[in-house]
Amino acid sequence: MEKTYNPKQFEDKLYKDWEEKGCFKAVRDDSKVPFTIVMPPPNITGQLHMGHAMDETLQDTIIRFKRMQGYCALWLPGTDHASIATEVKVVEQIKEEGLSKEILGREGFLDRVWDWKHKYAGRIVEQLKKLGSSCDWSRLTFTMDEKCSKAVREVFVNLYNKKLIYRGSRIINWCPCCKTALSDAEVEYAEEDGHFWHIKYYVEGEDKFLEVATTRPETMFGDTAVAVNPEDTRYKDLIGKKVILPVVNKAIPIVGDAHADMEFGTGVVKITPAHDPNDFEVGVRHNLPVVRVMNDDGTMNELAGKYNGLDRYECRKRLVEDLKAGGYLAGIEPHAHNVGHCYRCHSTVEPLVSKQWFVKMKGLARPAIDAVTYKKISFVPERFAKTYYNWMENVKDWCISRQLWWGHRIPVWYCAGCGKEICSKTDVSVCPDCGGTNLKQDEDVLDTWFSAALWPFSTLGYPDDTSDLEYFYPTDVLVTGYDIIFFWVARMIFSGIEHMRKVPFRDVLIHGLIRDEKGRKMSKSLGNGIDPLEIIEKYGADSLRFSLLQGVAPGNDMRYSDAKVEACRNFMNKIWNASRFVIMNTEGAEIKPLSEIRLLPADKWIISKLQSAIRDVTLALNKFELGIACQIMYDFMWSDFCDWYIELVKPVLKSEDKAKRDGAVSVLVFVLENSLKLLHPFIPFVTDEIYRNIPGTSGTIMTAEFPRYNSKLAYKKDALAFSGIMDIIKEVRAVKAEMNCPPSKKVHIYITTESKRLISANEDSILKLAGAKEIKFVHSASKAGENAVTIVLAIGTLYIPMGELIDIEKEKERLSGELERVTAEIARADSKLNNMGFVSKAPKKLVDDERAKLDKFIEMREKILKQLRALTK
RNA sequence: GGGGGCAUAGCUCAGCUGGUUAGAGCGCUUGCUUGACAUGCAAGAGGUCGAUGGUUCGAGUCCAUUUGUUCCCACCA
């Protein structure tokens, strides 16, 4: 093995090997319990970013853990066609060639998109592999695959037949740039500085006017009424009369409607049913005509008269000038308000009335809410259930049609002959009613999230009753960011319940966003994104993975920092070198099972620590607390195994006694092997590379069994006793450092203790690690001579003659400090134990522990006092 | 308007169902060619856990109020 950890030498090689060995494949095995994760499919247009890296790392860690535990673990990967995002990109691309959708036509354009898909969909897959993702690639699914299309049609037709899908003219969010309808979830609001334009609407036949305030004057061509609050004494007499729409010179009614807020603005609202959701409702209540004054591209239509053809903002500008010139403008005031933007192209969306397809949500939402309420599905962390309820309980009908070409086309045909609307799972060429053959399929495609909602079952073969579907569905855990709960998680839940009659997954593990070092969101426009592939190139995939997991609490955002990845890389190097040390020592040694070794105290201590690590890591992983699991392994590996055990065992490895040496090596190998297994789900590459270098192992660690806690190896008492040895080492080191005793100068240690055997058994280690020459058991301080430092420990009292290094005053100071500390501890424990409430109500073990602690500290205090007296003499 | 999150060492953050002497990484100080590792080792400094009040034998952890910060949802023209 090389001296330094160098991931480039083995990561790609190992990944290839895993693939060739078929380690990722999940095949139904009825002797095993299935464990399924479906991957949130990345967009085919996308490149791997830090968000993916975190998402995939979490999933891969969980699936590897479960696989090693013996589950039939399936991680099903896929890619998403991302209707709008992809179409926008391809439109941009062909634009450079002087082409457009219209020129190419539907067929021609779709050919170009498929070309794009074939070119780029593989890219993200390769990037996922770089991270070490152990997905079953043989099941790689694209959301436009045949099986997904089949599922989409099945679901659409079923919902249509249940009247849960309908077509109607409603207010929707329109993106004038993408020229398509959007769902509510696809609109992002941002506050913008705008204006209130106060416009005078004169009452018909009278000389007075109503002052109307609006932020979007250009929509006034679509005004079909003016509303005042029926309670509003200022205006209630006018209800039923008419006002004359300025510029247009059309009379429109004054209606009374509670929508008009007396407190806000002038209390008069212009009603534009075609361009405002609230106005639309008012329009319905008062039976007002719906007049749409804008084209699909955001320009004004012929109803805007002389402004016909102008862009909405240009129209606004000129109209305001004209209103001013005509004396209709009563004033302008600045006004900040929230404006909706398209989540793909960020253009300002235009609410407008349009004939679209909708999914009726109320009935679907109810059981989806119940599923979470009754814990059929759990959010981790739980607080995200609240986000989910909030959305589900207020959900409006879902606009699913998109005026795009790339996507699942709506399976509805219209008969030109009789006007019949036919919704069918298969293509229709003859009208079932009139027998006419002039049928046209609906031009629109479905929202990308419509097919994504079916992902947990469409990927497993739905609507067919496949063996896979029966075995792997419902899936176990869905891992995704909190930004995607509405788009996807919520929709999968109601879809799974509706179409499969079973929830799609049992747990939803929500993670946060990765931010940059300054805490800003990573975004293209800021240019602060960090490319995970560059990080992998520089530090290795394991380092990146570990940095994304360690010390991260579920659901919380984290900041990316090179320093952290570097620290993780150092950890990899640590593991690497510790392993190198162990493997070096296996040469010429005979590795035996633990049962055949006479275990030394240090051996039992590290084995005990290992058992705790196994127990705690398993527990944490089962609760999806990966950050904690990582921390446990980091501490165990670095502190317990490397800093302590390896150092403790070094003298043993140099022993003349071969049986002793073999024993030490065997324990080293045992602990290392188990640690690697525990670490493998997090850092698959380095653990496997090392594993293969350990004599006696075969195959890959990927298929090894995850360590199980063994109570027989817990050695709780031995471990506790051994910590006394560690105390001796730590304290001697500390005193030497404090007394400025050079490390090379070996000290003598005199001990009064009742643990002679334990200390003798570890003499070599103590001498080496504490930097001592010899240990002598004595009955009193006097043996150590005058200039001795006293260290009072639970295991015994140490006296270290420091010769000329000792400074009596300094030593007194040190002991006084100790005394202070111990006294404080006694006071704390004492007050606790004197508290009747504590003694009677706290668990017995806690009280006993406290008592033992008190005794220990009291004893220590006595010894320190005695020593102080001796010095003062 | 409604709902979250965060506030713990100089910096970035852990701390799960209340019970250890409150932890880690980085940074800082002091020392170390300790034959696995300087991507390292040892010793250390550094925190009234945002504030106030409450529940409890016991609160960083639970409740209320409050300050700052941040996000999401809704949206009054």
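Chain A is the first sequence line, chain B the second, and so forth, proteins listed ahead of strands; every chain is numbered from 1. Side chains are part of it too, since the values below use all heavy atoms of this structure and drop only hydrogens, waters and symmetry mates.
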Taking donor-acceptor contacts at under 3.5 Å, does the side chain of [X] reach the base of [N]?
X	N	value
A/N338	B/C75	yes
A/K650	B/A36	yes
A/E647	B/A36	yes

What is the pairing partner of [N], taking Watson-Crick or G-U wobble pairs with both distances under 3.5 Å in any strand?
N	answer
B/A7	B/U67
B/A14	none
B/U56	none

Per A/F838 side chain, nearest of listed nucleotides B/C37, B/G19, B/A77: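 Taking heavy atoms from C-beta onward, the closest nucleotide is B/G19.
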
Candidate nucleotides B/U21, B/U39, B/A43, ranked by approach to the side chain of A/T4 - the nearest: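 Ranking B/U21, B/U39, B/A43 by closest atom to the A/T4 side chain puts B/U39 first.
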
Within the 4.0 Å heavy-atom criterion, would you say [X] contacts the bases, only the backbone, or no part of the nucleic acid?
X	result
A/I271	nothing
A/H275	nothing
A/A734	sugar-phosphate
A/D279	nothing
A/A260	base
A/R580	sugar-phosphate

So is A/K564 actually on top of A/F546's ring, under 6.0 Å and inside 45° of the axis?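 Not flagged: A/K564 not positioned over aromatic ring of A/F546.
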
Is the shortest distance from a Lys or Arg side-chain nitrogen in A/K845 or A/D849 to a carboxylate oxygen in the other one below 4.0 Å?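 Here A/K845 pairs with A/D849 in a salt bridge, since their nearest N and O are under 4.0 Å apart.
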
Charged N to carboxylate O below 4.0 Å: is that the case for A/K853 and A/E825?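 Judged by the 4.0 Å cut-off on N to carboxylate O distance, A/K853 and A/E825 do not form a salt bridge.
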
